[in-house]
Amino acid sequence: MSFVNERISKRIEELAIQLTNIFSVVDTKGEIDISEKVYEIMGNIPYFKENPKDLFYVSANDTLGRKSVVAILRGKKQSKKTVVLIGHTDTVGISDYGELAEYANDPYKLAEGFKHIKLDDVVRKDLESGDFLFGRGIFDMKSGDAVIINLFEEIAKDLDNFEGNLIYAAVCDEEANSSGMLSVVPKLVELQEKEGLEYLALLDTDYITAEFIGDESKNIYIGTVGKLMPSFFVVGKETHVGESFNGIDPNEISSAIMTRVNMNTEFCDIVDGEVSLPPISLYQRDQKPEYSVQVGKTAVLYFNYATHMSTPDMVLEKMKKAAFEAFDSVVTKLNKQYETFCSMSSNRTYKKLPWEARVLSYTELLEKVREEKPDIDEVLANYSKELMKDESIDTRVFAQRMVEKLQASWKDQNPLVVVYFSPPYYPHIYIDGTNPKDKALIDAVDNAVKTTKTDYKLAYKKFFPYISDLSYGAAPKDPAIIASLKNNMPGFGIKYSLPLEDMQKLSLPVLDIGCFGYDAHKFTERVEKKYSYTVTPELVYKTVMKLLNNEIL
């Protein structure tokens, strides 16, 4: 029996348009507006008029006053079984729309505007087909939110025959720092413990798209990719450019690390035939504040490091090894070049340069400084308090400043690379089917796919490939893994925090059943209506109902 009909598809499209009509760019007041709109729509469902306590806000605890919306729908056939659904309500910015920016939130006016500008052939074809809706957030991911909202609307019509519970968290700030989800996680644990709820899975309806040219699959992802930000604080030896062999350029060491790590498939994780993307740089620059003819002393770089199986302790060791190899290659090159330079000069005799490759983790450096300065922990604590007074300091800059302070406190100022983690951290979640919850989720999705009649090619994958709030449905439980993360991420628990214990308590299998389209985060962002408003809601409904062991209504 099919859940979705023409009425439901039209309603989901209508909801998606309503949500898209509200500009909700991340880190703006628009995020408050969209939360209030979701609250209003959910509040019109008769169940929430009768049970207002089951619809509420969760503060993101920030200066903007942002908030997430949480809705709990309880079946009349009492059961503790509960499926948690999430969707983010914020979007990236709209500057890429140029002169059409004012219409970025109006799919119909935007489509008219697109008729008069140059588009590539594929986008033009999609525009003219009428099969797509364009607009900022329509694809990432307000159509996904519309699917969940409609699911609540429909199930609420016959709660007498519904067994179990649904929780929907419409979270803010997914596109930046995930403060919405991070504040919702403790609330989910509170509800779980207070009411004895049995959480079965965490389901997101974030977007899906073709992963490569010619990819015709519409993927359901059971599990999610993780992310770490291995970072490198490079200390060289400053010198005048007229005495260049008397120093060592931190930019050259930094560049060697870049060459060694960036887009290197050696660092890809392979699990069940699925491969994580290789690390890619997000930041690289020296720290010299002014122009001068002095070779600078320090440089910083960090990478986006996707994981399917590698834990923080494993990544740290891989990056220390890579940094040492890169640093050592620079020392070898400099000695070779200096030897050649001396042979070219009539009055110079070659003598091996004094540089040696040295790499330490943040915790290893801290131990060395402690040996000299037993009060270094107090010094760092006081310094972090000073940094916290400046709210404009980014969490990554905060971590960097803490490394700088620690390194500057060491008597040994010879060249060095310090490897540490910058925020944020997103755990990967691998669903292998070896425990009952994992198996139940896999079975529910398999049932949904097999019973959904469609011309689309449906496929399963193990890891949702885009960084998302799904990662906060669980966390590693090995104390050594957590210690490696916390102790090597300067400012953890001060400037940047994760509810790790609550994530460990949730320990949920996760999946994404998303709406389909193209060009998320581009001005040509668009959602394909037929799949997104017909197939996606069908798959979501059947997966939820199977998890809760409900008959199809």
Side-chain angles (χ1 to χ4, degrees), residues 84 86 88 169 171 173-186 188-189 192 199 201-204 206 221-231 267-272 274-277 279 282 302-319 395-396 399 420-435 437-438 441 461-489 491-493 496-512:
V84 182
I86 61 171
H88 70 85
V171 299
D173 188 37
E174 191 268 357
E175 298 289 3
N177 296 304
S178 290
S179 64
M181 186 62 180
L182 293 178
S183 56
V184 163
V185 164
L188 291 174
V189 172
Q192 183 182 40
Y199 292 157
L202 179 65
L203 192 161
D204 197 354
D206 212 338
Y221 298 94
I222 307 175
T224 190
V225 69
K227 166 179 172 165
L228 284 159
M229 294 255 286
S231 305
F267 302 112
C268 294
D269 281 349
I270 305 176
V271 176
D272 289 349
E274 293 189 28
V275 185
S276 65
L277 288 167
L282 292 176
Y302 50 76
F303 297 87
N304 186 90
Y305 194 116
T307 65
H308 283 177
M309 60 171 284
S310 294
T311 52
D313 55 326
M314 296 167 64
V315 172
L316 187 69
E317 290 305 311
K318 291 177 186 178
M319 293 296 95
T395 55
R396 286 146 288 274
Y420 63 101
F421 291 120
S422 293
Y425 168 53
Y426 291 79
H428 59 260
I429 300 177
Y430 171 48
I431 310 301
D432 60 7
T434 57
N435 68 61
K437 283 189 179 181
D438 285 8
L441 179 58
K461 286 205 169 183
K462 288 288 187 182
F463 297 94
F464 184 55
Y466 313 109
I467 301 303
S468 78
D469 287 338
L470 280 176
S471 284
Y472 298 125
K477 293 184 177 180
D478 186 335
I481 293 174
I482 297 301
S484 179
L485 173 75
K486 286 183 173 181
N487 296 338
N488 288 287
M489 185 179 282
F492 189 96
Y496 174 77
S497 296
L498 285 178
L500 286 169
E501 290 185 4
D502 286 329
M503 292 159 59
Q504 290 169 338
K505 288 177 181 177
L506 288 179
S507 196
L508 288 172
V510 305
L511 75 158
D512 184 86

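None of these values were measured; they are calculated from a predicted model.
Taking both residues in full, the closest heavy atoms of Tyr426 and Ser468 are given as CD2-O, 3.5 Å, listed atom of the first, atom of the second, then distance. Of all the heavy atoms in Pro427 and Ala474, the pair that sits closest is CG-O, 3.7 Å. In plain terms, the two heavy atoms of Gly473 and Leu202 that are nearest each other are CA-CD2, 3.8 Å. When all heavy atoms of Asp269 and Thr307 are compared, the closest pair comes out as OD2-CA, 3.5 Å. Between Val184 and Ala169, the closest heavy-atom pair is CG1-CB, 3.9 Å. Scanning both residues, Leu228 and Leu485, for their nearest heavy atoms gives CD2-CD1, 4.1 Å.
The side-chain heavy atoms of Met503 and Val185, taken from C-beta on, include a pair separated by under 4.5 Å. For the pair Tyr472 and Ser178, the minimum side-chain heavy-atom distance is below 4.5 Å. Using a 4.5 Å heavy-atom cutoff, the side chains of Met489 and Tyr420 are not in contact. With a 4.5 Å cut-off on side-chain heavy atoms, Ile222 and Pro509 do not count as touching. Between Leu282 and Arg396 there is no side-chain heavy-atom pair separated by less than 4.5 Å. Looking only at side-chain heavy atoms (C-beta outward), Ile482 and Gln504 come within less than 4.5 Å of each other.
A donor-acceptor contact closer than 3.5 angstrom is absent between the side chains of Asp204 and Tyr221.
Separating the CG atom in Leu203 from the CG atom in Asp512 is a distance of 7.5 Å, to the nearest 0.5 Å. Remark: Tyr305 OH to Cys268 SG distance equals 8.0 Å, nearest 0.5 Å. From Tyr430, atom OH reaches atom CE of Met309 across 10.0 Å, with rounding to the nearest 0.5 Å. Note that the CD1 atom of Ile431 and the NZ atom of Lys462 stand 8.0 Å from one another [nearest 0.5 Å]. Here NZ of Lys227 is found 4.0 Å from CG of Asn304. Values are rounded to the nearest 0.5 Å. Annotation: the span from Met314 atom CE to Met319 atom CE amounts to 11.5 Å, rounded to 0.5 Å.
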request  = Quick one: do Asp206 and Tyr466 satisfy side-chain contact (heavy atoms from CB on, under 4.5 Å)? Show the steps, please.
outcome  = CA-CA 9 Å; Asp206 212 338; Tyr466 313 109; over 6 Å; no
message = Let's go through Asp438 and Asp432 carefully: what are the C-alpha distance in whole Å and the side-chain angles of both, what is the deciding distance for side-chain contact (heavy atoms from CB on, under 4.5 Å) to 0.1 Å, and is it a yes or a no?
response = CA-CA 7 Å; Asp438 285 8; Asp432 60 7; 3.6 Å; yes
ask   = For Tyr496 and Tyr425, what are the C-alpha separation, side-chain angles and deciding distance, and is it a side-chain contact (heavy atoms from CB on, under 4.5 Å)?
value = CA-CA 10 Å; Tyr496 174 77; Tyr425 168 53; 4.2 Å; yes
key: Check against side-chain contact (heavy atoms from CB on, under 4.5 Å), Ile86 and Met181   = CA-CA 9 Å; Ile86 61 171; Met181 186 62 180; 4.1 Å; yes
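For Tyr302 and Phe421, the distance between ring centers is not under 6.0 angstrom.
Remark: side-chain polar atoms of Glu274 are paired, donor with acceptor, to backbone N or O of Phe463 under 3.5 angstrom. Judged purely by atom type and a 3.5 angstrom limit, Glu174 has no side-chain atom pairing as donor or acceptor with the backbone of Gly180. Using modelled atom types, no side-chain atom of Asp313 and backbone atom of Ser484 make a donor-acceptor pair closer than 3.5 Å. Checked by atom type and distance alone, the side chain of Lys477 never pairs as donor or acceptor with a backbone atom of Lys505 at under 3.5 Å. A side-chain donor-acceptor contact under 3.5 Å links Ser231 to the backbone of Met229.
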